[in-house]
Structure formats: structure tokens, C-alpha cells
Asker: 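One structure is given below, represented as C-alpha cells, and several questions about it will come after.
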Number of protein chains: 2
Amino acid sequence: MKTREDGVAATPAFLPLYQQIKTLVLRGLQEGEWRPGQAIPSEVDLAARYRVSQGTVRKAIDELASEHLLVRRQGKGTFVATHDEPRMQYRFLRLMPVEGEVEYPESRLLACRRVRASSEVARVLELKVGDGVVFLRRILLFKDDPTVLDDIYLPGTVFRGLTGEIFNEYKGSLYNLFETEFGMRMIRADEKIRAVPAAGDMARLLQVDQGTPLLCVDRVAYTYGDRPVEFRRGIYRTDRHCYRNTLS
Amino acid sequence: MKTREDGVAATPAFLPLYQQIKTLVLRGLQEGEWRPGQAIPSEVDLAARYRVSQGTVRKAIDELASEHLLVRRQGKGTFVATHDEPRMQYRFLRLMPVEGEVEYPESRLLACRRVRASSEVARVLELKVGDGVVFLRRILLFKDDPTVLDDIYLPGTVFRGLTGEIFNEYKGSLYNLFETEFGMRMIRADEKIRAVPAAGDMARLLQVDQGTPLLCVDRVAYTYGDRPVEFRRGIYRTDRHCYRNTLS
DNA sequence: ACGCATTTGTTCGTATGTATT
DNA sequence: TAATACATACGAACAAATGCG
């Protein structure tokens with residue numbers, strides 16, 4: 001196979017061409033050549049740049065679009081996905097009213113401080129125990145009902161300078177903030193869900209009795225290249241809301 | 001647009017061709033022209049049948065494959081998806097050990113009888129209150145630990161003849177049984193998850209104290225055409241296992 | 001063991017349609 | 001209206017995996 005511009009033996013030659021193109025585009029996203037919300041070059045431009053046909057670029061972009069890393073808009077171009085748009089705003093929020101319309105929560109910050117990574121936090125964020133970590137605690141309210149208590153841990157080096165003020169002044173979702181203020185785009189998250197009894201602060205903040213069953217949702221969110229950049233433990237009241245999921 | 005074999009004004013003409021082809025293939029699946037596990041005609045055959053190019057058929061099949069309705073196998077053909085294969089066997093089972101390897105559960109049937117649809121069951125299965133329904137209760141054990149208690153409701157007309165004997169003799173998953181014995185293929189399921197306290201039978205069967213927090217997973221499973229054909233209420237112990245989910 | 005036919009997978013090229021600016 | 005960009009559709013060729021004789 002003939003050598004290509006960026007293809008300086010960086011990608012194995014035995015991969016399908018469109019996969020190699022996909023990797024190259026992914027690298028552009030990762031390195032910030034194109035930023036969230038911005039348009040990437042047109043298909044013909046990319047085809048020229050990488051010396052392949054438009055159809056090959058198209059197939060690469062198709063896959064990235066199906067993974068929600070890019071968004072195609074007919075007549076306008078292909079854009080780097082962002083948590084900014086209303087549709088993407090609450091893409092990772094699975095809590096819905098048991099009955100009725102979807103609602104969006106109000107967020108109230110309870111704590112924002114620097115801490116040292118515990119062994120658990122260090123493990124999931126791939127840090128060393130004792131590394132600097134930003135700790136956030138917030139509560140989400142649906143129609144003034146306290147419903148979610150989130151404890152959030154972020155790598156200190158990535159989120160250097162994050163303060164309660166920044167959080168409070170920001171309009172929009174947390175992942176939106178990460179993206180615009182810290183250039184850190186969340187593309188995937190794994191969750192582990194268990195049922196736990198309300199205890200201590202939890203019960204008081206969510207206004208339920210001690211021992212009330214609650215959902216405990218441990219989330220690890222990843223940016224490009226499967227790099228973990230958020231550990232979040234969410235405690236959910238599920239009397240008026242429930243966690244929704246579609247299997248397919 | 002010129003008229004086509006099956007295209008007797010059944011599908012609106014303003015849809016893209018490949019979408020129309022997709023609808024036609026879907027109809028074939030729905031009507032059982034090709035059964036689970038079987039191969040559908042090759043791309044060139046389908047292209048000839050529908051009088052379109054191979055590329056157009058390919059795009060239709062691509063979408064059906066991405067929805068897990070078809071499975072492509074290079075060199076062999078394209079097959080109707082089935083719950084039979086090991087990989088698909090436990091596709092809808094989201095319960096995993098908190099630590100360690102994936103395990104597959106043993107199933108023990110506790111009840112199998114005909115009942116009348118309650119208002120809740122009638123609503124989700126789109127039946128009338130009082131219609132005949134098959135009720136199954138079973139328990140799932142991981143390494144001999146009782147972990148899941150499932151109450152399952154099925155439309156009586158579709159699952160006429162389902163008995164405890166059939167269930168007990170069958171090797172493989174429940175959806176596998178539905179598919180092979182009743183021609184009913186599950187393609188999608190919606191789940192609503194809440195935390196509930198163990199009560200009554202639940203606590204005894206799962207061997208936990210009364211009031212222990214458990215997951216309550218309400219599932220509605222659908223076959224082709226978004227037709228609901230199963231309502232299942234699962235109660236999960238989450239001390240040794242957790243419900244896993246990936247957001248993307 | 002080998003070659004051949006079949007089937008999907010990849011890649012290219014071209015033309016036309018549709019949405020946006 | 002014109003230019004641009006993605007969307008659809010067709011056709012052709014070769015690669016890779018499979019199965020059969």
C-alpha cells in the first residue's frame with residue numbers, strides 16, 4: 001500500500017483504509033485540531049488531504065458519527081460533537097419521572113475542594129494514591145425535590161483552577177463546563193448500579209428516612225482514548241423518578 | 001420514481017430507496033419469510049429481487065445489522081439474528097459480579113400458571129384487563145447464590161401451550177425458548193430501575209432480611225414493529241453483583 | 001492440498017438529489 | 001441564483017473469508 005501524508009507508519013497498513021482514516025480524524029479530535037462545536041473539513045477536503053476517495057472518508061466519518069463523536073448536518077458540514085446543544089445537554093442523565101414529561105434538574109453545589117486521591121479514586125482515575133483531586137458535591141433537584149446527590153472526583157492536573165465560583169456562574173451542564181473551560185470532552189461512561197440504604201448525610205440531604213432504599217450509581221466517564229477523567233458516585237431517590245435504560 | 005415489485009404503494013415514495021428496501025426486508029423478517037438463525041438471500045439476489053443496486057441493498061442491511069436484527073458473516077452470508085449464539089445468549093442480562101469474571105446464572109422455575117391480566121399488565125402488554133396471560137416466576141442463581149427473582153407476564157394467545165415442563169426441559173435462555181418454540185423474537189427492551197425494600201416472599205426467596213434495599217427492574221420487551229410481548233419485574237440482590245450500563 | 005465459486009468487505013469513481021448559506 | 005456540503009444511488013473491481021469438489 002502506498003504511503004500517505006499522515007500515514008508515516010503510524011497506523012498498521014493491514015487495517016482497512018477507512019479505519020486508518022478514522023484513526024487519523026480521531027487523532028485530530030484528540031489533539032484539539034478541531035474543537036467541540038466546530039466544523040471539520042468537508043469530505044472532499046479530507047479525501048484530498050489523506051489521498052483517498054470521498055467514499056472512504058465518508059465511511060470513516062459514518063463510524064465516528066455513530067459513536068457520537070461527530071455530528072453530520074446536511075448542507076452545512078460535519079461538526080465535532082458537543083454537550084452544548086439541547087439534545088446532547090442531558091445525554092448522560094438517565095433519571096426520568098415515573099410518569100409524565102421529561103424534566104431537567106436544577107443543580108446546587110454543596111462542596112468544592114481539593115483532596116488527596118483515595119485508593120479507590122486513584123484506581124478508577126488511573127492516578128497514584130495521594131495525587132491531587134478536585135472533589136465536588138452537588139445536589140440535583142427536580143421541581144424543587146432533592147433527588148440526586150452526586151460526589152464527583154476529578155484529576156487535579158486536568159481540572160486545575162476549577163472553583164465553586166466557576167461552577168455556580170456556569171449555565172449549562174457539568175460536562176458542558178468541562179468541555180468549554182477545560183477542553184475535556186466526555187465521550188463515554190460506564191455505570192455500576194446497586195441498591196443501598198440511606199445513611200448519614202445522604203438521608204438528610206435527600207430528605208428521606210435512614211435506611212430508605214436508594215440507587216447508588218458509580219460512574220466512570222472517559223474522554224478520547226478511553227482515558228478516565230471523572231469518577232462520580234450518584235445517590236438517587238427513586239420514589240418519584242426512575243433510572244431508564246434501553247437494551248438492544 | 002419507478003414502480004417496484006413489492007413497492008405497491010405500500011411504502012411512501014419520498015423515502016430514500018434504501019429505507020424502502022429496509023422496510024421490505026423488515027417485513028420479511030416480521031412475517032417469518034426468513035427465520036432466526038437462517039441466512040437471508042445474498043446482496044446480489046436481493047438487489048435483483050428489488051431491482052436496485054447492490055450498494056443500496058447493502059446500506060439497508062447495514063442499518064438492520066447495526067440494530068442487531070441481522071448479522072453479517074463475511075464469506076458466508078447475512079443471517080437473521082438469534083438469541084441462540086453464545087454471544088447473544090445473555091445480551092439482555094446486565095447483572096455482573098462487582099469483581100471478577102462474568103458468570104452465567106442457573107434458572108429455577110417457581111411457578112407457571114395462567115392468570116388474568118391486571119390493569120398494569122394489560123396496559124404495558126396492550127391487552128384488555130382480564131385477558132389470558134401466562135405468569136412465570138423464576139429465580140436466578142449465580143454460583144448457587146439466589147440473586148434475581150423474576151415475575152414474568154406473557155400474552156396468553158402468543159404463548160399458548162407454554163408449560164413448566166417445556167421451560168424446565170429447555171436448555172438455553174428464556175428468549176431463546178420464545179424464539180424457537182413460539183417464533184417470537186425479542187429485539188428490544190425498555191427498563192425502569194428503582195430501589196425498593198425487600199418484603200414478603202422476596203426477602204425469603206433471595207435470602208435477605210426484610211427491608212434490605214434491592215433493585216426493582218421493570219422490563220418491557222418488544223418484538224418486530226414495537227409490539228410488546230413480555231412484561232417482567234425483576235428483583236435483584238446487589239451485594240455481590242451490580243447492574244452495569246454503558247452510556248455513549 | 002488445491003483451486004473454484006460464492007458472499008461479504010473494501011475502495012474507487014461518477015452522477016444526481018437535497019439542504020444551507 | 002449560485003456555490004457548498006452532505007445524502008443517495010449506481011456501477012465496477014478487487015480483497016478476504018468460506019465451503020465444496
Side-chain angles (χ1 to χ4, degrees), chain A residues 1-7 11-25 28 34 37-81 85, chain B residues 1-7 11-25 28 34 37-81 85:
Chain A
M1 176 168 297
K2 66 181 170 187
T3 316
R4 290 168 202 290
E5 187 202 339
D6 300 44
T11 48
F14 54 82
L15 275 177
L17 248 189
Y18 76 91
Q19 293 273 9
Q20 300 180 44
I21 303 305
K22 186 179 164 185
T23 303
L24 294 175
V25 174
W34 311 298
Q38 285 184 349
I40 68 171
S42 75
E43 293 178 355
V44 277
D45 287 353
L46 287 173
R49 145 116 87 130
Y50 298 128
R51 318 283 198 82
V52 298
S53 77
Q54 186 189 351
T56 301
V57 170
R58 166 162 282 270
K59 182 146 181 172
I61 292 182
D62 277 344
E63 292 210 349
L64 291 168
S66 80
E67 294 165 23
H68 305 117
L69 300 188
L70 295 176
V71 178
R72 320 189 70 140
R73 296 206 193 104
Q74 188 174 357
K76 300 182 71 171
T78 300
F79 298 77
V80 183
E85 310 136 60
Chain B
M1 177 170 294
K2 66 181 172 188
T3 315
R4 291 167 200 293
E5 186 201 340
D6 301 45
T11 51
F14 54 83
L15 273 177
L17 246 190
Y18 77 90
Q19 292 274 8
Q20 300 181 44
I21 304 304
K22 186 179 164 185
T23 303
L24 294 174
V25 174
W34 311 297
Q38 284 184 349
I40 68 172
S42 76
E43 293 178 357
V44 277
D45 288 352
L46 288 174
R49 143 116 86 130
Y50 298 128
R51 318 284 198 82
V52 298
S53 76
Q54 185 187 353
T56 300
V57 169
R58 166 164 285 270
K59 180 142 181 173
I61 293 181
D62 277 344
E63 291 209 350
L64 291 167
S66 80
E67 294 164 22
H68 305 116
L69 299 188
L70 296 175
V71 177
R72 319 189 69 138
R73 295 207 195 102
Q74 188 175 357
K76 300 182 72 173
T78 301
F79 298 78
V80 183
E85 309 136 60

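In what follows, chains carry the letters A, B, and so on, assigned in the order in which the sequence lines appear, proteins first and then strands, with residues in each chain numbered from 1.
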Asker: Would you check if A:Ile40 and A:Ile61 make a side-chain contact, meaning some heavy-atom pair closer than 4.5 Å?
Answerer: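 With C-beta onward as the side chain, the pair touches.
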Asker: My understanding is that only residues two or more places apart in sequence, or in another chain, count here; which of them pass side-chain hydrogen bond (donor to acceptor under 3.5 Å, both in side chains) with A:Glu67?
Answerer: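 Result, side-chain hydrogen bond (donor to acceptor under 3.5 Å, both in side chains) vs A:Glu67: A:Lys22.
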Asker: Please list residues of residues 70-79 of chain B whose heavy atoms come under 4.0 Å from any atom in DNA chain D, ordered by number; otherwise none.
Answerer: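 Result for residues 70-79 of chain B: B:Gln74, B:Gly75, B:Lys76, sorted by number.
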Asker: Just how far, in rounded Å, is P of C:dT10 from CG of B:Asp62?
Answerer: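 Computing the B:Asp62:CG to C:dT10:P distance gives 9 Å.
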Asker: Taking OH from B:Tyr18 and P from C:dT18, how many angstroms apart are they, rounded to a whole number?
Answerer: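 Atom-to-atom, B:Tyr18 to C:dT18, this comes out as 14 Å.
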Asker: Can you check the B:Ile40 CD1 to C:dT8 C1' distance for me, whole Å?
Answerer: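 Interatomic distance, CD1 of B:Ile40 to C1' of C:dT8: 11 Å.
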Asker: Can you list everything that forms a salt bridge (charged side-chain N to carboxylate O under 4.0 Å, His left out) with B:Asp62? Sequence neighbours excluded, please.
Answerer: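 By the salt bridge (charged side-chain N to carboxylate O under 4.0 Å, His left out) rule, B:Asp62 matches B:Arg72.
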Asker: Would you please name every residue forming a side chain to side chain contact (heavy atoms under 4.5 Å, CB included) with A:Ser66, sequence neighbours left out?
Answerer: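 Scan of A:Ser66 (side chain to side chain contact (heavy atoms under 4.5 Å, CB included), adjacent residues dropped) gives none.
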Asker: Taking OP1 and OP2 of C:dT10, is either one under 4.0 Å from a side-chain nitrogen or oxygen of A:Thr56?
Answerer: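 So the side-chain polar atoms of A:Thr56 never come under 4.0 Å of the phosphate oxygens OP1 or OP2 of C:dT10.
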Asker: To the nearest Å, how far apart are A:Gln19 CD and C:dT11 C1'?
Answerer: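 For the pair A:Gln19 CD and C:dT11 C1', the rounded distance is 14 Å.
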Asker: So, using side chain to side chain contact (heavy atoms under 4.5 Å, CB included) as the criterion, who are the partners of B:Tyr18 when residues are at least two apart?
Answerer: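 Applying side chain to side chain contact (heavy atoms under 4.5 Å, CB included) to B:Tyr18 gives B:Pro16, B:Thr56, B:Lys59, B:Glu63.
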Asker: Within the 4.5 Å heavy-atom criterion, are B:Thr78 and B:Leu64 side-chain neighbours or not?
Answerer: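 Of all side-chain heavy-atom pairs linking B:Leu64 with B:Thr78, none is under 4.5 Å.
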Asker: Could you list, one pair per line, each protein nitrogen or oxygen that sits under 3.5 Å from a nitrogen or oxygen of nucleotides 11-14 of chain D, together with the distance?
Answerer:
none

Asker: How close or far is atom P of D:dT8 from atom NZ of B:Lys22, stated in whole angstroms?
Answerer: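 It is 11 Å, rounded to the nearest whole Å.
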Asker: Measuring only between side-chain heavy atoms, which start at C-beta, is A:Tyr50 closer than 4.5 Å to A:Leu17?
Answerer: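 Side-chain contact under 4.5 Å: no.
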Asker: Give the rounded distance in Å between these two atoms: CG of B:Leu17 and C1' of D:dT8.
Answerer: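 About 9 Å, once rounded to whole Å.
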Asker: Can you sort out the partners of A:Arg58 under salt bridge (charged side-chain N to carboxylate O under 4.0 Å, His left out), two or more places apart, ordered by chain and number?
Answerer: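 Salt bridge (charged side-chain N to carboxylate O under 4.0 Å, His left out) check on A:Arg58 returns A:Glu43.
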Asker: What is the distance from CG of A:Leu46 to C1' of D:dA5, rounded to the nearest Å?
Answerer: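 The answer, rounded to whole Å, is 12 Å.
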Asker: Please enumerate all residues that pass side chain to side chain contact (heavy atoms under 4.5 Å, CB included) together with B:Gln74, with sequence neighbours excluded.
Answerer: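 B:Gln74 satisfies side chain to side chain contact (heavy atoms under 4.5 Å, CB included) with no other residue.
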Asker: Starting at atom CD of B:Gln20, determine the distance to atom C1' of D:dT8, rounded to an integer number of angstrom.
Answerer: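 For the pair B:Gln20 CD and D:dT8 C1', the rounded distance is 12 Å.
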